[in-house]
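Notes for the one structure printed next.
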Protein chains: 2
Amino acid sequence: MKKTIIAFSLLIIALLALFQLSKYTIFIGKTSVELITTIVATVFLIVGIYINKKTLHKEKSTTQKVDHSKIEELQISKREYEVLRKISDGLSNKEITEMLFVSESTIKSHVSSLLLKLNAKRRTQAVQKAKEMHIID
Amino acid sequence: MKKTIIAFSLLIIALLALFQLSKYTIFIGKTSVELITTIVATVFLIVGIYINKKTLHKEKSTTQKVDHSKIEELQISKREYEVLRKISDGLSNKEITEMLFVSESTIKSHVSSLLLKLNAKRRTQAVQKAKEMHIID
DNA sequence: ATTCTACTCATACTAAAGTACGAATTCTAT
DNA sequence: ATAGAATTCGTACTTTAGTATGAGTAGAAT
């Protein structure tokens, strides 16, 4: 919001500056009008691109972040969350076992409680729901 | 790609048109220079915003849009792709069965060939890889 | 016409995933 | 210190998932 205001302010200043410039150069020669037009065009083209880039970038970043409050709300523990992320990476229980140095029954416990907390029937559904809730990306 | 070329072409045409306009109005009066500058500025500002919106939307959407060429490259058929999307929604084979009105063995066939084509060991990994390749969103 | 591909289905099997107990240990906060 | 939550593990069991193999059918392409 603030940046767009600054951008527009700079825009108005640039406009006024160009008016002054055009008034000055008009006495020198008629050919310089083309030059002014080119400058004005390129400057405002760049300004236009800049404004749009700033505003769109904000939208982009907010839609990808993890919602930590939702994780707390569902009472998903640290370990469970680790497991959830591994599942989302497409790993099997055995593979997760090797990465977290615990037995398979432990992973199964975590998975089962995750399915309960996420209200899912399968690990694939758990991943889908977790992504929908922005718990994982 | 095509749209940006068209946009730049229109931009050049607009530039030339404004040059002609400036040459004509210069004989009428000196005050019209300000008007021309304003027109040029606003037009190119809008053009700048437009170009950026299109290019950014493409970046944004390419990260979300499906890469059909990749699907062809991997030789994933229509039916297989349907199954892949259902898997990504977290559905079980039985649930997919009910949605596509085929037997479970058919779904299993599709899943198996999908795992081969996506070089995955599990359905969860297939989903992860498919998302990475932008085959699904 | 027939070759090729996609889609379909079945059976039998192995492997993974998930459930349902119960229980020990560690960590944390009061 | 101790209650409570988190983490860990085990066993026995049921349910899905996935593999292997073979085969029938319909549609598109040559």
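In what follows, every chain begins at residue 1, and chains take the letters A, B, ... in the order their sequences are listed.
- Taken residue by residue, residues 114-123 of chain B places heavy atoms nearer than 4.0 Å to DNA chain D at L115(B), R122(B), R123(B).
- Rounded to 10°, the helix from dA1(C)-dT30(D) to dT30(C)-dA1(D) has 60° between the axis fitted to its first five pairs and the one fitted to its last five.
- The backbone N or O of H110(A) sits nowhere less than 3.5 Å from a side-chain atom of R79(A) that would complete a donor-acceptor pair.
- For the residue pair I135(A) and Y81(A), the shortest heavy atom distance occurs at O-OH, 2.8 Å.
- Annotation: proximity of residues 88-109 of chain B to DNA chain D (heavy atom, distance under 4.0 Å) is found for S92(B), N93(B), K94(B), K108(B), numbered in ascending order.
- In this structure, R123(B) contributes its side chain and I87(B) its backbone to no donor-acceptor pair below 3.5 Å.
- Minimum interatomic distance between A120(B) and A126(B) (heavy atoms only, all atoms of both residues): CB-N, 3.6 Å.
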Measure all distances between protein nitrogen or oxygen atoms and nitrogen or oxygen atoms of nucleotides 28-30 of chain D, and list the pairs falling under 3.5 Å.
none

| task | Just do the side chain to side chain contact (heavy atoms under 4.5 Å, CB included) check on V111(A) and L84(A) with the steps written out, would you? | result | CA-CA 8 Å; V111(A) 173; L84(A) 178 60; over 6 Å; no
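- For the residue pair S109(A) / T106(A), no side-chain donor-acceptor distance below 3.5 Å is found, with atom types taken as modelled.
- The backbone N or O of K121(A) sits less than 3.5 Å from a side-chain atom of Q125(A), completing a donor-acceptor pair.
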| field | Verdict with reasoning, L100(A) to V83(A), per side chain to side chain contact (heavy atoms under 4.5 Å, CB included) | value | CA-CA 9 Å; L100(A) 300 183; V83(A) 173; 4.0 Å; yes
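- Judged purely by atom type and a 3.5 angstrom limit, K129(A) uses its side chain to pair as donor or acceptor with the backbone of N119(A).
- Within the structure, every side-chain polar atom (N or O) of H110(B) is placed at least 4.0 Å from both OP1 and OP2 of dA6(C).
- Under the 4.0 Å criterion applied to side-chain N and carboxylate O atoms, E80(B) and K117(B) are assigned as salt-bridge partners.
- Classification of K70(A) and E73(A) as a salt-bridged pair holds, one side-chain N sitting under 4.0 Å from a carboxylate O.
- Contact between I96(B) and K86(B) at its shortest, heavy atoms only, is CG1-CB, 3.6 Å.
- For DNA chain C, no neighbouring residue in residues 66-84 of chain A is found when judged by any heavy atom under 4.0 Å.
- For Q75(B) (side chain) and E72(B) (main-chain N/O), no donor-acceptor pair under 3.5 Å exists by modelled atom type.
- With sequence neighbours excluded, the residues satisfying side chain to side chain contact (heavy atoms under 4.5 Å, CB included) with K131(A) are S88(A), V127(A), I136(A), K131(B).
- Here the shortest heavy-atom pairing between T97(B) and E104(B) reads OG1-CA, 3.5 Å.
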